[in-house]
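Structure record follows, encoded as structure tokens.
So that the names make sense, note that chain A is the first sequence line, chain B the second, and so on, each numbered from 1.
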Protein chains: 2
Amino acid sequence: MITRNPSLTDQVKAHIKELILTDGFEDARIPPETELAADLGVSRTTVRDALSRLQSEGAIYRRQGAGTFVNQQGLQIKSRLEDIWSYEKLLEDHGFEPSVRVLAASKAPADSPTAEALGLNDGDMVLIIEKLFLEDEKPVMLTINRIPTHFLSGTDYADDEAAPIYEFLQDHCDRSLSYYLSEIIPVALDADTASKLGVDPGTPAISFDEIGFDQSNEPLVRATSHFRDDLLRFRLIRKRSGA
Amino acid sequence: MITRNPSLTDQVKAHIKELILTDGFEDARIPPETELAADLGVSRTTVRDALSRLQSEGAIYRRQGAGTFVNQQGLQIKSRLEDIWSYEKLLEDHGFEPSVRVLAASKAPADSPTAEALGLNDGDMVLIIEKLFLEDEKPVMLTINRIPTHFLSGTDYADDEAAPIYEFLQDHCDRSLSYYLSEIIPVALDADTASKLGVDPGTPAISFDEIGFDQSNEPLVRATSHFRDDLLRFRLIRKRSGA
DNA sequence: TAGTGGTCTAGACCACTTC
DNA sequence: AAGTGGTCTAGACCACTAA
């Protein structure tokens, strides 16, 4: 049942991932590329594309001349930092079933770091949406989004404040979020943030300070997020790079 | 002058990066893949491989049907987290010329997190190497490596304690470091670490807790590192993933 | 020496953007 | 309609690992 869309590569990738999770293989060894290609009736290139993606996700590793192997360690990686697109999905990948609570949604003049990040003038207004993500009523992360009000194409957005930001920007600003430039910052939580997250003030936490851009590199949104380190910890595989 | 090794793809990649940094292009637009392929006398596949790597580094982005463009934001990324291999190189990429000071190198029984990470028994000995990386006498990061002593193939390693760990493991343990599994942890610096880094106790910092594995997934080393956030901040590009 | 992954080619067709 | 990047094929040869 080989069809277009999802792409062949995606189907092959899903198939191999399935094999990894169910079979386990002997010695964690995955069949040779040529064999996979023959079995699935696709070209070796397609198989290699699929394997390359699995490799970059940390699920497998390859040794020239030896073979392709399952990377048990890599399976601990729930999500690659650079692949995080919505926090809803991030939390789901970590095994949560998050609910979202909008703590605040109001317009105010941009503070100075926001104005600088978004290229605004002093006094320009931004819509501030503060969302808390919970798992079973327990706070996991807090995120504050700031969107220039001049992007808003209407006023009837109240129902969608809980939506993922890229969706909100699409629906109510007619802008398409393309990527984030993100800084990873260690902080001691201030009293306000700590209380919203249900931890003691001063608790160390990871904070993301990010700017979301559209395809033309125009900044659309500035986001600041804080995570409960005891509930959500970021892991990654570091390898010798080809660069 | 097209030769093997470095690979064609690497040469093409370097060539395009050169173009990006010097020319700047109009509208940040990069010539079409077919044109690059013709100019350089290589196949489009090779050009695409090179562009894909540049894209994953954040230097460019591609829009189907529209073209390939320079990503000015992405050029701010000094090094991808997942491509960090030695801290020497990381610091160089950030514009430092780091010097290394070995603060300690001694054998001791493994503490319990180390023993667990490396699969050791209670009381097994590890060689602990504590290194401080400085820029102009100013501490930037501190790293502690723990290597099981039973890996050591000799006793004359004293001169190489300052070497990058993968080199030390190669030369004195005959083991080849393949990858790290790394956790990103927010901490408030304890008095000892803070004083070594020259900051106040309690200063928030990023800590990496990592296990280094060889090709067979055998753990070789556990490392704990702390960074001066005011001198070295991690940035990354987050994109919608193909996964 | 046999078998594996790594690199590269030449070409086809598709999906999408732009004019 | 023209031109771009995205997907896929079939095949060649190389570099490396393992028996």
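Positionally, the nearest nucleotide of DNA chain D for B:R62 lies more toward the 5' end than for the other of A:A66 and B:R62. Where A:V47 and B:L51 each meet DNA chain D at their nearest nucleotide, the meeting point lying more 5' is that of B:L51.
Among the protein residues, A:R63 comes within range of the sugar-phosphate backbone only, with heavy atoms under 4.0 Å from sugar or phosphate atoms but none that close to a base. Among the atoms of the strands shown, only primed sugar atoms or phosphate atoms (P, OP1, OP2) are found under 4.0 Å from some heavy atom of A:T46. The residue B:R48 sits close to a base: some heavy atom pair falls under 4.0 Å.
The shortest non-hydrogen separation linking A:S153 to A:C173 is OG-N, 4.0 Å. Nearest approach of B:Q170 to B:S176, heavy atoms of both residues: NE2-OG, 3.7 Å.
Straight-line distance from the CG atom of B:D49 to the C1' atom of C:dC8: 9 Å, rounded to whole Å. Whole-Å rounding puts the B:E35 CD to D:dT4 P distance at 8 Å. Nucleotide C:dC8 holds its P atom 16 Å from the CG atom of B:L36, rounded to whole Å. Atom P of nucleotide C:dT4 and atom OH of A:Y61 are separated by 17 Å, given to the nearest angstrom. Here the C1' atom of nucleotide D:dG11 and the CZ atom of A:R44 are 10 Å apart, to the nearest Å. Here C:dG3 presents its P atom at 16 Å from CZ of A:F69, a figure rounded to the nearest Å. Separating the CD atom of B:Q64 from the P atom of C:dC16 is a distance of 6 Å, rounded to the nearest angstrom. One can place CG of B:L8 at 13 Å from C1' of D:dC13, the figure rounded to the nearest angstrom.
A:E57 places no side-chain N or O within donor-acceptor distance of the main-chain N or O of A:R80, the cut-off being under 3.5 Å. A donor-acceptor contact shorter than 3.5 Å is absent between the side chain of A:S79 and the backbone of A:D93. Checking side-chain atoms of B:K131 against main-chain N and O of B:A163 turns up a donor-acceptor pair under 3.5 Å.
Between B:T9 and C:dC8 there is a side-chain N or O to OP1 or OP2 distance below 4.0 Å. The phosphate of C:dG5 (OP1 or OP2) has a side-chain N or O of A:T68 nearer than 4.0 angstrom.
The side chain of A:S43 sits closest to D:dC8 out of C:dT7, C:dT4, D:dC8.
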